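All residue numbers refer to positions in the sequence shown, counting from 1. Please read all numbers here as calculations on a predicted model, not as lab measurements.
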Amino acid sequence: EANIRCQEYDIFWSELFYSFSPLLGPQELEILPENLSGESSLEKLRKLKEGLRVENCLYFLSALDSIAWISNTRSFHIPEQSYFKAKAIAVLGENLEAIVCLPTSFSKKSSGNLQNISFLSPSDFSEQMGEKSLVREQLALLKEKGFEKIFFNPNAMSAGDYALVCEIF
């Protein structure tokens, strides 16, 4: 009997979620306004920089929920998830910004602020470039600009991402 109630509960919340989720296509991102996200991406980047206590550094994000959080962006193309496939680099220098590298082009529905967020996809540069090449290129460009330190969460990083970061830094 408890098992049946649990299943009914899961079905209820699943139906409720889909009835209220935005009607986004598989290649659309929605930028959330501050009244839904609680604070701007700039405020989140500022807190990240303060927490690291290091000037002019980078923070590599590969955990999908962290990327959605820092960019105040959501999408529903991964079943039952509100985040999207991407890698991100938080640039914590004099100017604060986040570079979000997407595997494909996405259209953006914006009711929020995109001031400190750049969305890039391989198709913005060339048909032959893949997501990994795009991330590698962005990291190399940032290193050329003088960023020598990069931080990341080892518990939220794949071996491939770790190798990529080590290749550049």
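- The shortest distance between side-chain heavy atoms of Ser75 and Glu30 does not fall below 4.5 Å.
- For Lys47, the side-chain hydrogen bond (donor to acceptor under 3.5 Å, both in side chains) test picks out Glu39, with sequence neighbours left out.
- Residue Lys143 places its NZ atom among more than 12 non-hydrogen atoms of other residues, nucleotides or ligands, all under 6.0 Å distant.
- With a 4.5 Å cut-off on side-chain heavy atoms, Phe60 and Val135 count as touching.
- A donor-acceptor distance shorter than 3.5 angstrom exists from the side chain of Glu43 to the backbone of Ser40, with no hydrogens or angles considered.
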Taking distance alone, no hydrogens or angles, what donor-acceptor pairs closer than 3.5 Å link side-chain atoms of residues 160-169 to residues at least two apart or in another chain?
| residue | atom | partner | partner atom | Å |
| --- | --- | --- | --- | --- |
| Asp161 | OD2 | Lys87 | NZ | 3.0 |
| Asp161 | OD2 | Ser158 | OG | 3.3 |
| Glu167 | OE2 | Arg136 | NE | 2.6 |

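- Within the 4.5 Å cutoff, side-chain heavy atoms of Val54 are placed close to those of Lys149.
- No donor-acceptor pair closer than 3.5 Å links the side chain of Ser37 to the backbone N or O of Asn72.
- Contact check for Leu102 versus Leu29: side-chain heavy atoms found under the 4.5 Å cut-off.
- Judged as a salt bridge (Lys or Arg N to Asp or Glu O under 4.0 Å), and not counting sequence neighbours, the contacts of Lys49 are Glu55.
- The two atoms that bring Ile67 and Ala86 nearest to each other are CD1-O, 3.2 Å, heavy atoms only.
- For the pair Thr73/Val100, no side-chain contact is recorded, criterion being any heavy-atom separation below 4.5 Å from C-beta on.
- Checking side-chain atoms of Ser71 against main-chain N and O of Ile117 turns up no donor-acceptor pair under 3.5 Å.
- Ala90 is linked by a side-chain contact (heavy atoms from CB on, under 4.5 Å) to Leu45, Leu48, Tyr59, Leu61, Leu92, counting only residues two or more places apart in sequence or in another chain.
- Residues forming a side-chain hydrogen bond (donor to acceptor under 3.5 Å, both in side chains) with Glu144 (at least two apart in sequence, or on another chain): none.
- If you take OG on Ser82 and CG on Leu64, they are separated by 10.5 Å, rounding to the nearest 0.5 Å.
- A 4.5 Å side-chain heavy-atom check between Phe152 and Pro154 finds at least one atom pair inside the cut-off.
- Atom CG in Asn116 sits 11.5 Å away from atom CD1 in Ile99 (nearest 0.5 Å).
- Judged as a side-chain contact (heavy atoms from CB on, under 4.5 Å), and not counting sequence neighbours, the contacts of Ala68 are Arg74, Tyr83, Phe84.
- The line from CG of Leu142 to CD of Glu148 is 11.5 Å long, rounded to the nearest 0.5 Å.
- No path of Ile, Leu, Val, Met, Phe, Trp and Tyr side chains, each step under 4.5 Å between heavy atoms, connects Leu120 with Leu141, placing them in separate hydrophobic clusters.
- In this structure, the side chains of Cys57 and Phe151 come closer than 4.5 Å at one or more pairs of heavy atoms.
- Summarising the geometry, atom CD1 belonging to Ile89 is positioned 10.5 Å from atom CZ belonging to Phe147; distances are rounded to the nearest 0.5 Å.
- Shortest non-hydrogen contact noted between Pro122 and Pro103 is CD-O, 3.6 Å.
- Taking 4.5 Å as the limit, some side-chain heavy atom of Ile31 sits within range of a side-chain heavy atom of Phe119.
- With rounding to the nearest 0.5 Å, the separation of NZ in Lys145 from CG in Asn56 is 12.0 Å.
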